[in-house]
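To start, the structure itself, in structure tokens.
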Number of protein chains: 4
Amino acid sequence: MMQPEKGHSGKSLKQRLVLKSSLVKETLSEFLGTFIMIVLGCGSIAQATLSRGTFGGILTINVGFAMAVVMAIYVTGGVSGGHINPAVSLAMCLFGRMKWFKLPFYVGAQFLGAFAGAAAVFGIYYDGFMSFAGGKLLIEGENATAHIFATYPAPYLSLPNAFADQVVSTMFLLMVVFAIFDSRNMGVPKGLEPIVIGLLIIAISSSLGLNCGCAMNPARDLSPRLFTALAGWGFEVFTTGNNFWWIPIVGPLVGAVLGGLIYVLVIEIHHPDGELNFETEQSDGMPGKYELSVIM
Amino acid sequence: MMQPEKGHSGKSLKQRLVLKSSLVKETLSEFLGTFIMIVLGCGSIAQATLSRGTFGGILTINVGFAMAVVMAIYVTGGVSGGHINPAVSLAMCLFGRMKWFKLPFYVGAQFLGAFAGAAAVFGIYYDGFMSFAGGKLLIEGENATAHIFATYPAPYLSLPNAFADQVVSTMFLLMVVFAIFDSRNMGVPKGLEPIVIGLLIIAISSSLGLNCGCAMNPARDLSPRLFTALAGWGFEVFTTGNNFWWIPIVGPLVGAVLGGLIYVLVIEIHHPDGELNFETEQSDGMPGKYELSVIM
Amino acid sequence: MMQPEKGHSGKSLKQRLVLKSSLVKETLSEFLGTFIMIVLGCGSIAQATLSRGTFGGILTINVGFAMAVVMAIYVTGGVSGGHINPAVSLAMCLFGRMKWFKLPFYVGAQFLGAFAGAAAVFGIYYDGFMSFAGGKLLIEGENATAHIFATYPAPYLSLPNAFADQVVSTMFLLMVVFAIFDSRNMGVPKGLEPIVIGLLIIAISSSLGLNCGCAMNPARDLSPRLFTALAGWGFEVFTTGNNFWWIPIVGPLVGAVLGGLIYVLVIEIHHPDGELNFETEQSDGMPGKYELSVIM
Amino acid sequence: MMQPEKGHSGKSLKQRLVLKSSLVKETLSEFLGTFIMIVLGCGSIAQATLSRGTFGGILTINVGFAMAVVMAIYVTGGVSGGHINPAVSLAMCLFGRMKWFKLPFYVGAQFLGAFAGAAAVFGIYYDGFMSFAGGKLLIEGENATAHIFATYPAPYLSLPNAFADQVVSTMFLLMVVFAIFDSRNMGVPKGLEPIVIGLLIIAISSSLGLNCGCAMNPARDLSPRLFTALAGWGFEVFTTGNNFWWIPIVGPLVGAVLGGLIYVLVIEIHHPDGELNFETEQSDGMPGKYELSVIM
């Protein structure tokens, strides 16, 4: 029941705003999704840290970050698949679920979105940061706030163990994500995949989060770390923990590939009516709505 | 299998009670929904506060308030869309999802429902309030109970930061709510939208709740504040925190508009089969059942 | 693919065991459902109490009891509607959703099931009870264990406030339960109603649980109280708290009727295609599977 | 839109990798599922223990283990039914839902998967174990870590009470699992059964977990216990607690049978269109996708 005038002016407005290229659209979507994840996710850590535990703790962080991912996927899943994670995008390309030429656009948007998200957390809690440790932005000690943005290793952790941790946790993430979107397996009802992914993240961060905070996502970790380096914490955020910073970048990339591989080899290719899911995207360049909606 | 007599008498009873006007029906529904949200939501804060943390805390409050919203939507969503929030109703009108002439009725019902809800919480916990601080109704200090009803800023918070906080948190709320009801995106299964909205509120209150309690709703905040002013806490509930009271009213209205705008511009108008969703309601004056069920 | 022999013997076994009367079937179902609710529900309180908080607390109790109700409904909902609560059964009769002659059978089964459940909790944790307070079974003090089974009022609570509490909380319970099963409202997807009821119970016990433990169910409270009287706690379980014991019996009955009434008057009868839902059950005596599945 | 070359090479790769025998496939699936459950489940206990409660506690353990089971079922449910528990597999055979000749393969895979999972937890947290108690691997005391892997009885618990505990808790597990997959009862929507099973495990571990940790699964308990015996904790893991080790093996087997029996006798056989569900699997040897998806 559109009124002609309104409809007309709306249409012409739309004509000027609508993006013709689906790649631009998807890039924008990944930017927004990663932004949402970081604001609500790192925001949960900020709330627990800045309140010294009175308004949050391990539970609100685990649930808050997981639900941040859920909401990011609901906002972006139908457009770009809601990867919001370079390791996921890499695995999607490798297993034929996304065209390779899109990878740099997706990954770039994810890094930019995470950086913007970190800046937003800093802005929303600016007064809190300024009053927390007399305005000092610290990386270590009981007044540390750098871990609100990026992950840091536990004191006991060696680099090899840290690397194994990031490989294994991301491996589990992708293995189950592949199962969630495999319609020939149990079959999560359409539109509920984000919820199950949220529960998966709760499971992983409850069990594999102690060593080094369970980043499992290069963009989620590197961009906020870079932000803290620039915003006043200093470039020690990169050298701390025996130059730990590269572990949550390389580890997840390796783990994502391994996780996808294990799922495909142990489960997917053996489905009775199984075709090896190595076909590329639909020829129109649009990802199949749910097949591609693999996430974080 | 109605028995004739019973059916007959039932029908005539019905004829006398049934509301002809859908606007009256919707107004009543919004009143009831906001009432439910405040009783179960502010009730969660009352339980945690009056028990001094032994029967509740940040987790029961976050989950309790979120589930209060969920239940309010289940009771009212099919009739009035379950807005239970003037900021949501404003955004619905602005983006063509509700007719403007309904707005004052919706908003009035929401403010009245929230006032009634605050009174009910006071009544149910009357003995508790009377024994908590020797019967004194305090706004500040460790025996304060005013924050059971309305939100107050953290000690470190400046007014500009507070305003930004309410704008940004409500922006996230509406952005994701628009996604939840966008059937061309991921698509939450029909009838489960309230649950996802509940999880969204858990995410936001876990991450953006520290500054000033994450009201995101003018009715949820102003009406209970007015109730406390009248019920014995005194009109300092308005002046406390540098006259903070208007922030959770104006901030959410601005944030809701921004959140809707961002979602429409970044995601909705680019859908391949996208029509700009600016059409008005169905001509019969009844909102489309699920399209309008945008909430809190 | 039944093998003839096996099938034959199975069939004759079945013929001997299958209940012809649907009333007997439903009575048995309500017994089992209430039993499950009490074992898993009161078991949650037992775990938190007997471990002095190290293996449980307000959160495991609220979630544990709610999920106990969920599971009881999944086991019995398709057979008897999963009322597991005399107040619910009364409301069902009053609003024409169950035939009156069934009420005493349902209620009797619920009281017996709750008694058996209390005995089972005592049995499973027998060694725990014997070691907890030197084997003493106490009603008050820090070594009290009677509240594992029945509810007791907070020290500050007067009888009129207690009665109002039970009326109001059960009113909210029934109001939302009626909404959950009203297919002309938001519409919970079939088979997920028990989950939403579980979330409702979490909401209510987070917000209205402080005064007197939110029993909302005569069978859940009276039968375990009677069990403790007989098992060694003594008949002071009835006199404690100014003879509080009758409050969680009468209050819920009144509240359930009020809650159903409010939902019907404010929401249900105004549905555009609304028929007043006062028709009786299907003539074959079998309840409509989902219409009757109203619970706790 | 497969590209001929790629498709061809993919197909031949597939031909070499695809398992012809569905039994091998199912065995592999049970191995992977039990592995996932132990890594994420026992990992949750490791995180809480090794952080001395700062990064976990009863809630993250209960939720983490339950979600570990959920994820294991999503990965394996469509292939092998996601039993990941010898007690479940036994009940499935006994009630005609699985062919007996498969039982040793399922059970063997479950024990091996649980052993591998325990080794993986030890590996991922190797640095943590080495720094926790000066590198000592202890079974008792405040520095004990053996309970990360296997369950141990509470100090007050006698062997008969322990046995009853494992029988009863597994009885409840199977009773509700049978209900969850009984499409003639309430009917959990397809693809959401794992979530409801997860909530069931949260309910049981909140209420019946205090006595001896609620193993309910011979593979989940024995294999990790054996791993600890070999990895440095010593064979006292078997003798501790009055030779408790056999209780979580025999108890669950008895309880699973009882639970299935109660559900069938009290609920299932009385369904109006009820056929006693004692028929064997489909003649092609493939389990019906959802009928068999009974779990943990």
Side-chain angles (χ1 to χ4, degrees), chain C residues 1-3 6-7 10-11 13-14 17-19 22 25 28-29 32 36 39-44 46-47 50-51 54-57 59-61 63-64 67-68 70-71 73-79 82 120 123-128 130-132 189-195 198 286 289 293, chain D residues 57-59 62-63 96 153-158 160-162 164-165 168-169 172 175-176 178-180 182-190 192 195-196 199-211 262-267 269-272 274-283:
Chain C
M1 309 296 147
M2 296 178 75
Q3 293 160 297
K6 215 174 182 178
K11 214 176 170 187
L13 175 71
K14 187 191 158 194
L17 291 172
V18 166
L19 296 166
S22 78
K25 226 157 52 173
L28 207 56
S29 166
L32 181 61
I36 292 173
V39 173
L40 298 182
C42 292
S44 300
Q47 176 161 330
L50 297 177
S51 72
T54 56
F55 285 90
L59 284 165
T60 59
I61 290 172
V63 173
M67 292 306 129
V70 172
M71 300 310 148
I73 298 170
Y74 272 122
V75 171
T76 65
V79 176
I124 296 166
Y125 280 121
Y126 186 78
D127 286 356
M130 289 306 107
S131 82
F132 182 71
K190 278 196 180 184
L192 290 181
E193 302 94 342
I195 304 287
M286 277 299 297
K289 196 169 188 179
S293 298
Chain D
I58 182 71
L59 284 165
N62 281 5
V63 173
Y156 62 72
L157 199 68
S158 67
N161 200 154
D165 175 281
V168 170
S169 56
F172 274 91
M175 202 159 64
V176 184
F178 270 50
I180 288 170
D182 179 358
S183 58
R184 290 169 298 177
N185 206 320
M186 282 295 282
V188 178
K190 278 195 181 185
L192 289 181
I195 304 288
V196 180
L199 297 175
L200 168 62
I201 293 171
I202 290 176
I204 296 178
S205 55
S206 296
S207 59
L208 304 179
L210 182 58
N211 279 334
I262 291 175
Y263 186 77
V264 168
L265 288 181
V266 177
I267 303 283
I269 60 170
H270 311 303
H271 289 314
E275 298 164 23
L276 201 51
N277 239 346
F278 274 92
E279 72 260 36
T280 47
E281 292 177 272
Q282 294 166 248
S283 52

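Sequence lines set the chain letters: A, B, ... in the order given, protein chains first and strands last, and positions in each chain run from 1.
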Top of D:L208, D:L265, D:I202, D:V188 for chain C proximity - count of heavy-atom pairs under 4.5 angstrom: D:L208

statement: One option among C:G128, C:G123, C:G57, C:G198 has the most heavy-atom pairs under 4.5 Å with chain D, and it is C:G128

message: Less than 4.5 Å to any heavy atom of chain D: does that hold for the side chain of C:I195, its backbone, both, or neither?
response: side chain

task: Could you look at D:L192 and say if it's the side chain, the backbone, both or neither that has a heavy atom under 4.5 Å from chain C?
output: side chain

Option in C:T76, C:V75, C:T60, C:T54 with maximal non-hydrogen atom pairs under 4.5 Å from chain D: C:V75

query: Are the side chains of D:M186 and C:P194 in touch, meaning some heavy atoms are under 4.5 Å apart?
result: yes

Proximal component of D:S205, with respect to chain C [non-hydrogen, under 4.5 Å]: backbone

query: What are the two closest non-hydrogen atoms of D:L210 and C:A46, and how far apart are they?
result: CD2-O, 4.4 Å

message: Taking side chain as everything from C-beta outward and backbone as N, CA, C, O, which of these in D:L200 sits under 4.5 Å from a heavy atom of chain C? Side chain, backbone, both or neither.
response: both

query: When you look at OH of D:Y156, are more than 12 heavy atoms from neighbouring residues, nucleotides or ligands closer to it than 6.0 Å?
result: yes

query: Which residue out of D:V196, D:I262, D:I204, D:I180 racks up the most heavy-atom pairs below 4.5 Å with chain C?
result: D:V196

Interface residue of largest heavy-atom contact number with chain D, from C:G64, C:P189, C:G43, under 4.5 Å: C:G43

query: In terms of heavy-atom proximity below 4.5 Å to chain D, should C:V70 be classed as side chain, backbone, both, or neither?
result: neither

Reported CG-to-CG distance for the pair C:D127 and D:N211, which is rounded to 0.5 angstrom: 7.5 Å

query: Is the count of non-hydrogen atoms from other residues, nucleotides or ligands lying under 6.0 Å from C:F132 atom CZ greater than 12?
result: yes

Per-residue contact mode, C:L32 against chain D (heavy atom under 4.5 angstrom): side chain

query: Of the non-hydrogen atoms in D:I58 and C:F55, which two are nearest, and what is the gap between them?
result: CG1-O, 3.6 Å

message: Can you confirm whether D:I267 sits close enough to C:S29 that some side-chain heavy atom of one is under 4.5 Å from a side-chain heavy atom of the other?
response: yes

Atom of C:A68, atom of D:A203 and distance for their closest heavy-atom approach: N-CB, 4.4 Å

field: Min side-chain heavy-atom separation D:M175-C:M71 under 4.5 Å
entry: no

message: Can you tell me which portion of D:V168 sits under 4.5 Å from chain C's heavy atoms? Options are side chain, backbone, both or neither.
response: side chain

- line: Under 4.5 Å to a heavy atom of chain D? For C:S44 that would be both

- prompt: Considering all heavy atoms of both residues, which atom of D:H270 and which atom of C:K25 are nearest to each other, and what is their separation?
  reply: O-NZ, 2.8 Å

query: Could you give the distance from CG (D:N185) to OH (C:Y74), rounded to the nearest 0.5 Å?
result: 10.5 Å

field: Gap separating the CG atom of D:N62 from the CD atom of C:Q47, nearest 0.5 angstrom
entry: 7.0 Å

statement: Value for OH (C:Y125) from CG (D:L157), rounded to nearest 0.5 Å, stands at 10.0 Å

